[in-house]
There are 2 protein chains.
Amino acid sequence: MPNQSKGGFFNPGVTVDVVVFTIENGLLKILLVKRSDDPFKGFPALPGGFIRRGETTHEAAERVLKDKAGIENVYVEQLYTFDEVRRDPRGQVLSVSYFALVPSEDLSIRLGRKTEHPEMVAADGLPALAFDHNRIVVYSRKRLADKIRYSNVAYSLLPSEFTLTELQKIYETVLGRRIDKRNFRKKYLELGLIKSAGKKRKGLRQRPALLYRFVNSRMEEMDRFLKQ
Amino acid sequence: MPNQSKGGFFNPGVTVDVVVFTIENGLLKILLVKRSDDPFKGFPALPGGFIRRGETTHEAAERVLKDKAGIENVYVEQLYTFDEVRRDPRGQVLSVSYFALVPSEDLSIRLGRKTEHPEMVAADGLPALAFDHNRIVVYSRKRLADKIRYSNVAYSLLPSEFTLTELQKIYETVLGRRIDKRNFRKKYLELGLIKSAGKKRKGLRQRPALLYRFVNSRMEEMDRFLKQ
DNA sequence: CCAAAAGTGTTGACTGTACACCCATGT
DNA sequence: ACATGGGTGTACAGTCAACACTTTTGG
């Protein structure tokens with residue numbers, strides 16, 4: 001239970017909550033766990049927890065991801081601090097929220113038998129979540145859509161080698177609309193963010209697609225990006 | 001002194017710090033106070049303080065502005081939560097930072113005789129500030145520059161009636177570069193955000209300028225804005 | 001009449017967008 | 001042979017960016 005006061009100072013509880021996005025079969029999905037304790041016992045919720053002494057909120061977010069869903073080495077970024085006074089029935093508890101991006105390929109092996117039953121759920125049509133987590137999800141989706149338009153965060157949602165069609169589907173899913181294939185390819189290749197991997201994706205009953213890699217796997221912002 | 005633990009939970013201290021921007025004589029300025037207590041006693045710092053029970057961080061930010069500098073009814077937006085473990089020598093203390101925008105006209109009367117000597121200081125060439133406040137300032141300037149390009153936050157830096165040249169100077173100061181007068185006017189008027197106030201600014205020894213007002217004084221975002 | 005800032009349009013370059021067909025493979 | 005997605009270019013429209021002179025006032 002959060003400790004609510006001592007002396008003249010008031011220290012609220014501080015939790016982190018993480019919105020983990022992935023894209024699977026053209027669907028944007030979010031990681032949910034089932035709460036094993038009160039409050040909201042049995043409700044679906046974002047993975048989260050109280051921070052520990054000597055730990056930053058970023059570190060806490062990474063710890064929560066690893067402990068609750070076995071997820072490591074993924075893109076994690078601070079989102080917003082939610083602090084409605086009554087957002088937690090136990091008392092005044094801030095949530096420093098984060099969002100994370102994971103390529104769907106890596107996820108299936110990671111989501112093992114965890115106590116809180118982590119699973120990826122379609123971001124459209126989520127059920128009622130614990131606390132103010134639905135609101136956190138809404139906010140994070142907006143941030144992701146904003147960010148993908150002027151940065152290369154798409155790389156965090158893809159395996160190291162991917163086809164241009166796969167890249168385009170990431171954009172279409174996050175932005176929620178179709179993009180013209182020729183225009184997308186022309187613009188993305190001009191940006192110089194990706195280079196050919198010199199291989200092709202074979203084995204499908206169709207013409208093999210060239211594979212590409214991102215030149216940089218760190219986050220980059222740029223002035224002009226995908227306006228389309 | 002922040003209370004650092006009780007039982008199995010750890011509750012860090014939680015402060016708010018506010019970066020108040022104004023533009024005066026074509027200079028971007030930031031509100032600083034002088035710390036009257038340790039740590040960093042005597043150092044310039046952003047106005048801030050611990051949050052109180054039953055108060056959101058947004059409310060705390062507004063309270064701090066009012067108490068420390070007499071500033072009320074201004075645009076306030078959450079920026080980021082800074083949480084380096086050693087950012088405060090007293091122990092682990094988070095700073096939920098905010099930024100605020102104030103028209104310079106309103107400020108001179110507000111900054112009265114306060115104990116912490118609030119004053120507006122040019123944002124370029126700030127001295128060493130207490131805690132990690134220099135870093136918070138850097139981050140907030142980036143946010144302001146990003147935001148002014150795709151929203152109408154400029155209205156928060158101007159009095160209710162203003163000339164197009166005054167508006168343009170806000171943009172030039174925040175973005176740190178000159179803008180072409182004809183292109184700026186054409187584009188801004190096409191956006192439909194402002195309308196003529198039907199008056200002129202007289203009394204200067206030059207041709208009187210038409211005064212304008214913002215149509216909406218709430219924050220608006222738009223897809224296309226000032227690319228120039 | 002002079003100084004100072006206000007106000008005003010056009011043109012060429014660039015970027016965005018719409019659009020349709022042939023190609024390489026697996027079955 | 002056919003079904004499937006891969007891959008490619010052009011033309012029109014819209015936006016951006018560069019640029020100089022006349023107007024109105026106060027002193």
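Chain letters run A, B, ... following the sequence lines, proteins first and then strands; every chain starts at 1. Below, all heavy atoms of this structure are taken into account, side chains as well, without hydrogens, waters or symmetry copies.
- To the nearest angstrom, P of C:dA18 lies 12 Å from CD1 of A:I179.
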Requested in this report: Might you work through the side chain to side chain contact (heavy atoms under 4.5 Å, CB included) test for B:Y155 and B:L157, ending with a clear yes or no?
Outcome: CA-CA 5 Å; B:Y155 86 85; B:L157 289 163; over 6 Å; no
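- Nucleotide C:dA5 holds its C1' atom 13 Å from the CZ atom of B:R201, rounded to whole Å.
- Applying the ring-ring contact (aromatic ring centres under 6.0 Å, His included) test to B:F131 and every residue at least two apart in sequence or in another chain returns B:F40, B:H133.
- When the P atom of C:dT27 is taken as reference, atom CG of A:L204 falls 9 Å away, rounded to whole Å.
- B:D180 contributes a side-chain N or O that, together with a main-chain N or O of B:R182, makes up a donor-acceptor pair within less than 3.5 Å.
- At whole-Å resolution of the value, CZ in A:R178 and P in C:dT17 are 16 Å apart.
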Query raised in the report: How does protein contact run along nucleotides 7-13 of chain C, one letter per nucleotide 5' to 3', with B for base contact, S for sugar-phosphate only, - for none, heavy atoms under 4.0 Å?
Result: BBBB---
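- In this structure, CZ of A:F184 is placed 16 Å from C1' of D:dT8, rounded to the nearest angstrom.
- Comparing A:K202 and B:R205 by the nucleotide of DNA chain C that holds the closest heavy atom to each, the one mapping nearer the 5' end is B:R205.
- The distance from atom CZ of A:R87 to atom CG of A:D132, rounded to the nearest 0.5 Å, is 4.0 Å.
- Note: OH (A:Y188) to P (D:dG6) measures 17 Å, nearest angstrom.
- Nucleotide D:dG5 holds its P atom 20 Å from the CZ atom of A:F162, rounded to whole Å.
- Rounded to an integer number of Å, the gap from NZ of A:K187 to P of D:dT8 is 18 Å.
- Residues B:D17 and B:S97 bring no donor and acceptor atom of their side chains to less than 3.5 Å of each other.
- Aromatic rings from B:Y188 and B:Y171 are positioned such that their centres are separated by under 6.0 Å.
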